[in-house]
Amino acid sequence: MSSSSSSQVRRVVLSTGNILEMEELIRKAGQTTTEELRGSINTTLSSWGGSGGEGQAGEVLNIQRVLKNAEQEPNDTSGNKTTVKLFLSNNDSTQVEDALKTVSSSLNLPRIDSVIVTPPDVSDDATLESLEPLWLALEDAVGRGEVVSIGLADVSYQLFRELYSWAKVKPTTVQVNLSSCCVVSQELSAFAQQNDVQVLTHNDAAEIVDEDIVSSIASRLGLSGAQLQWVARHRTIQQCFGLVQDKGYTLALACNG
């Protein structure tokens, strides 16, 4: 990428596409989420090439992996269910709106079946008031028919219960990190059972994207002052057979050019 074009870039949106098609990534068993994300970003940047102003629209640089079989007709998607997990850097409603719009557009989805959000602060000090902007944005997306169901990850039982009581559109899912607790608390299990909330476990890192990943993207693109806005991981399952059809990452960076 030329220095003249990179100096105008204020935002980078990188989409890995379906990482199940990345043979070199699939062969590496037992990867952490962060390792998988780093590998898929590197593969995406290598395939994209970044020649000239390709992918740049105004101050936004869109990087998408070149698909081998992009010309093929899409398969029947009627039996598929797509879940998106958002990792946010702040609780602003605009960040949620931006992420959902970007992911829906890049995956060409009329709607997302389930969205689970990991807030930036999941400590015991996090308050309901801090979560309200992002949750209202999720509720609006449900109201517009863009999202079917919504959920939260990694918040305390107390905070989840408070949000459930306050919310107009109730969370249908709560995710618990197995690295922070080996088993789901009895309180949360009982509350979830009473309110028909699905409890899921995961082992994603607290910070899915570290500074090394951000700086490596910025240096490869010749950009400075890059800051992560959000990361979205999507997974599409063929429901009849429980097969994962599509999995990948999208992330947005703000930068100074």
Side-chain angles (χ1 to χ4, degrees), residues 1-28 31-71 84-90 92 94-109 117-118 120 204-235 246-257:
M1 180 189 250
S2 67
S3 58
S4 59
S5 60
S6 66
S7 63
Q8 299 161 7
V9 174
R10 293 289 176 267
R11 172 177 161 86
V12 175
V13 177
L14 185 148
S15 302
T16 66
N18 189 357
I19 67 172
L20 300 180
E21 297 172 355
M22 296 181 179
E23 294 172 9
E24 68 279 15
L25 208 63
I26 296 169
R27 286 197 291 267
K28 295 178 182 176
Q31 293 186 102
T32 66
T33 305
T34 302
E35 289 166 344
E36 181 182 76
L37 176 58
R38 181 184 283 115
S40 61
I41 287 171
N42 288 335
T43 300
T44 301
L45 287 169
S46 298
S47 78
W48 177 71
S51 56
E54 182 188 354
Q56 189 169 341
E59 296 182 338
V60 180
L61 179 64
N62 289 295
I63 298 173
Q64 288 189 303
R65 188 168 55 88
V66 179
L67 302 177
K68 294 176 188 173
N69 47 0
E71 300 302 315
V84 172
K85 186 171 183 180
L86 296 181
F87 303 85
L88 304 176
S89 65
N90 65 52
D92 290 352
T94 51
Q95 201 166 93
V96 175
E97 292 161 5
D98 178 44
L100 294 180
K101 180 180 175 184
T102 303
V103 172
S104 296
S105 175
S106 68
L107 296 178
N108 197 23
L109 289 173
V117 175
T118 302
D204 294 327
E207 280 192 51
I208 188 173
V209 175
D210 56 32
E211 286 301 316
D212 287 346
I213 295 179
V214 175
S215 59
S216 70
I217 295 171
S219 63
R220 285 186 71 163
L221 297 175
L223 302 169
S224 62
Q227 288 185 313
L228 181 74
Q229 293 180 310
W230 51 262
V231 178
R233 180 178 65 217
H234 72 270
R235 191 170 70 160
D246 191 330
K247 179 184 178 184
Y249 296 89
T250 307
L251 63 147
L253 303 173
C255 44
N256 301 326

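A quick note: this is a predicted structure, and the numbers were derived from the prediction, not measured.
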For Arg11, which of Leu61, Leu253, Asp98, Asn62 qualifies under side chain to side chain contact (heavy atoms under 4.5 Å, CB included)? Asp98
Distance from Cys255 atom SG to Leu221 atom CG, nearest 0.5 Å? 8.5 Å
Is a donor on one side and an acceptor on the other found under 3.5 Å between the side chain of His234 and the backbone of Gly248? yes
Using the side chain to side chain donor-acceptor pair (under 3.5 Å) criterion, which residues pair with Ser219? Sequence neighbours excluded. none
Taking all heavy atoms of Val214 and all of Ala226, pick out the closest pair and write down the distance. CG1-O, 3.6 Å
Please name all residues satisfying side chain to side chain contact (heavy atoms under 4.5 Å, CB included) with Asn42, sequence neighbours left out, ordered by chain then number. Arg38, Arg220
CD1 of Ile41 to CG of Leu14, rounded to nearest 0.5 Å, is 6.0 Å
Considering non-hydrogen atoms only, spot the tightest contact between Ser15 and Thr44 and give its length. O-CG2, 3.5 Å
Asn18 side chain vs Leu20 backbone, donor-acceptor pair below 3.5 Å: yes
Candidate pair Thr250 and Val84, rule side-chain contact (heavy atoms from CB on, under 4.5 Å), full reasoning: CA-CA 10 Å; Thr250 307; Val84 172; over 6 Å; no
My understanding is that only residues two or more places apart in sequence, or in another chain, count here; which of them pass side chain to side chain donor-acceptor pair (under 3.5 Å) with Arg235? none
Atom pair CG (Leu100) and CH2 (Trp230), whose distance is rounded to the nearest 0.5 Å: 8.5 Å
Let me confirm one number: the OG1-CG distance from Thr16 to Leu45, rounded to the nearest 0.5 Å. 11.0 Å
How would you list, by chain and number, every residue that makes a side chain to side chain contact (heavy atoms under 4.5 Å, CB included) with Gln227, sequence neighbours excluded? none
With a 3.5 Å distance limit and no angle check, can you tell me whether Thr43 reaches the backbone of Gly39 through a side-chain donor-acceptor pair? yes
Identify whether the distance between the nearest side-chain nitrogen and carboxylate oxygen of Lys247 and Glu36 falls below 4.0 Å. yes
Restricting to side chain to side chain contact (heavy atoms under 4.5 Å, CB included), what partner residues turn up for Ser104, sequence neighbours left out? Ile112
What distance separates Ser106 OG from Lys101 NZ, expressed to the nearest 0.5 Å? 12.5 Å
Residues in side chain to side chain donor-acceptor pair (under 3.5 Å) with Thr33, at least two apart? Asp204
Ser89: side chain to side chain contact (heavy atoms under 4.5 Å, CB included) partners, not counting sequence neighbours: Gln95
Taking atom CG of Leu251 and atom OG1 of Thr102, what is their separation to the nearest 0.5 Å? 11.0 Å
